[in-house]
Amino acid sequence: MATDTEQADTEDFVEQEVRYTLDLGTRLVVVENVPARVSRQTGEQCFSPETTQRLWDIVHGGEQPARVMDTDVYNFH
């Protein structure tokens, strides 16, 4: 049985599909519809080990993108 703290921690997160972005220096990679547990309070995203492995496979495995986005880049200074 979960303790009060564990139960509160579980209730603070909801299952959602999120957009994951990864900055590879000269290239920005976006993966959509990624399953995650998201904190209701902070927006922190937590991924299962299986999801993390799948993200790595998508980014580094040579999979073809579903679409390509045109992205503006600005300098804050």
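Each of V31 and V68 belongs to its own hydrophobic cluster when Ile, Leu, Val, Met, Phe, Trp and Tyr are linked at side-chain heavy-atom distances under 4.5 angstrom.
Residue pairs meeting the ring-ring contact (aromatic ring centres under 6.0 Å, His included) criterion with at least one partner in residues 23-63, sequence neighbours excluded, are Y20-F47, W56-H60. Applying the salt bridge (Lys or Arg N to Asp or Glu O under 4.0 Å) definition to pairs two or more places apart or across chains, those involving residues 63-75 are E32-R67, R54-E63.
Annotation: side chain of L24 is in contact with side chain of V59 (closest heavy-atom distance under 4.5 Å). Put simply, the side chain of R37 reaches to within 4.5 Å of the side chain of E15, judged on heavy atoms. Using a 4.5 Å heavy-atom threshold, the side chains of L22 and L28 count as separate.
If you take CD on Q16 and CZ on R19, they are separated by 13.5 Å, rounding to the nearest 0.5 Å. Considering CD of Q41 and CG of D12, their distance stands at 4.5 Å, rounded to 0.5 Å. The CD1 atom of I58 sits 10.5 Å away from atom CD of Q53, with the distance rounded to the nearest 0.5 Å.
Remark: E50 pairs with S48 by the side chain to side chain donor-acceptor pair (under 3.5 Å) rule, at least two apart or across chains. Looking at residues two or more places apart in sequence or on another chain, you find no side chain to side chain donor-acceptor pair (under 3.5 Å) involving T21. Residues satisfying the side-chain contact (heavy atoms from CB on, under 4.5 Å) test with T42, not counting sequence neighbours, are S39, E44.
In terms of heavy-atom proximity, V18 sits nearest to A36 at CG2-CB, 3.9 Å.
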